[in-house]
2 protein chains.
Amino acid sequence: MSAIRGARERARSEITAAIKDEARLQLARDGAAKLSLRAVARELGMVSSALYRYFPSRDDLLTALIVDAYNAVGAAAEAALAAGDGKAPAARWTAVCRAVRDWALAHPHEYALIYGTPVPGYTAPLTTVEPAGRVALTLLSIAREAHADGRLVVRPVDSLPRTVHTDVERIAAEYAPGLPAPTAAALVAAWAQLFGLIGFELFGQFNQVVEARDAFFAHAVRSLAHQVGLAGPDEEAAIPDEAAAGT
Amino acid sequence: MSAIRGARERARSEITAAIKDEARLQLARDGAAKLSLRAVARELGMVSSALYRYFPSRDDLLTALIVDAYNAVGAAAEAALAAGDGKAPAARWTAVCRAVRDWALAHPHEYALIYGTPVPGYTAPLTTVEPAGRVALTLLSIAREAHADGRLVVRPVDSLPRTVHTDVERIAAEYAPGLPAPTAAALVAAWAQLFGLIGFELFGQFNQVVEARDAFFAHAVRSLAHQVGLAGPDEEAAIPDEAAAGT
DNA sequence: GCAAAGCAAGAGCAGTGCTCTCGTTTATGG
DNA sequence: CCATAAACGAGAGCACTGCTCTTGCTTTGC
């Protein structure tokens, strides 16, 4: 994918990019449901059928946009992680969460495309699974590094069901060897819950309920970090829960 | 809405119901995006333009379905709450959460309609906000009653931002007077997070990540209850794995 | 009993995704 | 160098969509 193979191939990749750009524009403006192949082609000065030389169907165009969106939010998360290098795990956690939320607020339709309702009969092709995992892996890496640095608070969780244990052990083994299963389970839950918070804010569920969006999100995300065990040593002292559990 | 005003009005309400039923059928089968007025009309043996006598536009039909869906999931939640009357707050919490999830799994497209991406340029009319609040109010009432019974564990939350405090105070004042602000804040967060968990499971984000869906959900929901402060002292020991003495 | 309102039907408009055909251009292999 | 195959753009066309308007018919209410 390096050398210039010829004028045709270069033109092809340029046109493909132009189509995606225009499609992304319309996506951001009107949403995924109103994305029209004909409108994209029209805007690009070509006829609709010509577009099918580049994307075999509307769904394939959407898939390309989905992959891009996953990569964009993943890159935002990773950048926030890298920017917070050296800081306390809890701070990095909040930074990454905030980055994801900021991206979502800035690109609501793209967010909806990947974390909202999947398009009708559409099942995500395998090309999307790797980009889709970037945010999750970013969050996971925070816990992994915190664990490696001995800064992870592993709290005695009321016994983890065995089936869940095997699920999270499999994940931990692959991406964060040594990570305690309860932490991994809490992380997966926090991961899903994070997008619950963002989705509710973005899709209007918080209207007339939560007005202080920023502060509420920050508060909730801090709570999530605590739930995972990422609470920094400074703010950890607050909560000595009633020790009412044993494995 | 009681007396039979006449044959015409009865026919009208019957046809309206038939349209909604058929639309709900197609919604469940193909999803909201593929819901076609013409197809509904065709299936009912009428011509498409006739359908506009009953619903002025496709969006209005969708709105009707949205209201129905909110009421359905709300009713499911309330039923679960009523069924668990007298039980420990945590048990009632999990029961309600489970009921919402069960409803979602049984009606994925209807769930997506109300908790997924909002339809394109669509802004929810005011008729939807009351039904939309039923699940939230059900969850809130658990905390309210637990608080009234002195079974609410109010844990010292690291200081609640003042703006968030006023938000949740407003909610508490209206629906659960006396409920501590930290609890109310935790509840709102848990509410959103609950739908994060359900959405991720339903929309495929848990594919190849979490396989033990039931157990994971139960675990996560228990954790949410604990976060809100609903963990009853008796409930704490009741785990499906080790058959300990429950309530 | 009659005017008004409600109603079903049909035609029609503008738009959609997608397919097929038809010339043209480009790249490649003999 | 040139012929063949592949890629390409344009256009017509199909089946579908939401929605509007007109035309008659039926029910309702005064």
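A note on names: the letters A, B, ... follow the listed sequences, proteins ahead of strands, and every chain is numbered from 1. Only heavy atoms go into these numbers, but all of them, side chains included; no hydrogens, no water, no symmetry mates.
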Query - 5' priority, DNA chain C, between Leu37(A) and Arg53(A) [closest heavy atom] - result: Leu37(A)
Query raised in the report: Could you state the CD-P distance from Gln26(B) to dT17(D), rounded to the nearest angstrom?
Result: 9 Å
Query raised in the report: Rounded to the nearest Å, what distance is computed from the CD1 atom of residue Ile15(B) to the C1' atom of nucleotide dT26(D)?
Result: 13 Å
Query raised in the report: Regarding Asp60(B) and Thr63(B), is there a side-chain donor-to-acceptor distance under 3.5 Å anywhere?
Result: no
Query raised in the report: Looking for any heavy atom pair under 4.0 Å, which part of the strands does Ser57(A) touch: base, sugar-phosphate only, or nothing?
Result: sugar-phosphate
Query raised in the report: Does the side chain of Ser48(A) get closer than 4.0 angstrom to OP1 or OP2 of dC18(C) through an N or O atom?
Result: no
Query raised in the report: With a 4.0 Å cut-off on heavy atoms, is Tyr54(B) in touch with a base, just the backbone sugar-phosphate, or nothing at all?
Result: sugar-phosphate
Requested in this report: Would you kindly give the CG-to-P distance between Leu62(A) and dT16(C), to the nearest whole Å?
Outcome: 15 Å
Query raised in the report: Checking all strands, does Leu61(B) fall into the base, sugar-phosphate, or nothing category for heavy-atom contacts under 4.0 angstrom?
Result: nothing
Query raised in the report: Which part of the nucleic acid does Leu51(B) contact within heavy-atom distance under 4.0 Å: base, sugar-phosphate only, or nothing?
Result: nothing
**Report entry** Arg58(A) CZ - dT16(C) C1' separation (whole Å)
**Finding:** 9 Å
Query - Side-chain-base donor-acceptor pair under 3.5 Å for Arg38(B) and dG18(D) - result: yes
Report task. Please work out whether the ring planes of Trp191(B) and Phe206(A) are parallel, tilted or perpendicular, with thresholds of 30° and 60°. Result -> tilted
Report task. Using atom CZ of Arg10(A) as one end and atom C1' of dT25(C) as the other, report the distance to the nearest whole Å. Result -> 16 Å
Query raised in the report: Reckon Ser49(A) touches a base, only the sugar-phosphate, or nothing at all at heavy-atom distances under 4.0 Å?
Result: base
Report task. Tell me which of Arg12(A) and Tyr52(B) sits closer to the 5' end of DNA chain D, going by the nucleotide each one is nearest to. Result -> Arg12(A)
Query raised in the report: Starting at CE of Met46(B) and ending at C1' of dG18(D), how long is that distance when rounded to a whole Å?
Result: 17 Å
Requested in this report: Pick base, sugar-phosphate or nothing for Leu35(A), based on heavy-atom distances below 4.0 Å to the nucleic acid.
Outcome: sugar-phosphate
Report summary line: Lys34(A) NZ to dG18(D) C1', in whole Å, measures 11 Å
Report task. Let me know the distance between CD of Glu9(A) and C1' of dT26(C), rounded to the nearest Å. Result -> 11 Å
Query raised in the report: What heavy-atom pair brings Tyr54(B) and Thr16(B) nearest, and what distance separates the two atoms?
Result: CD2-OG1, 3.4 Å
Query - Under-4.0 Å side-chain N/O to phosphate OP1/OP2 contact, Arg42(A) with dA14(C) - result: no
Query - Arg213(A) with Asp167(B): basic N within carboxylate O range, under 4.0 Å - result: no
Query raised in the report: So which of Trp103(B), Phe203(B), Tyr115(B) actually passes ring pair (Phe, Tyr, Trp, His ring centres under 6.0 Å) with Phe195(B)?
Result: Tyr115(B)
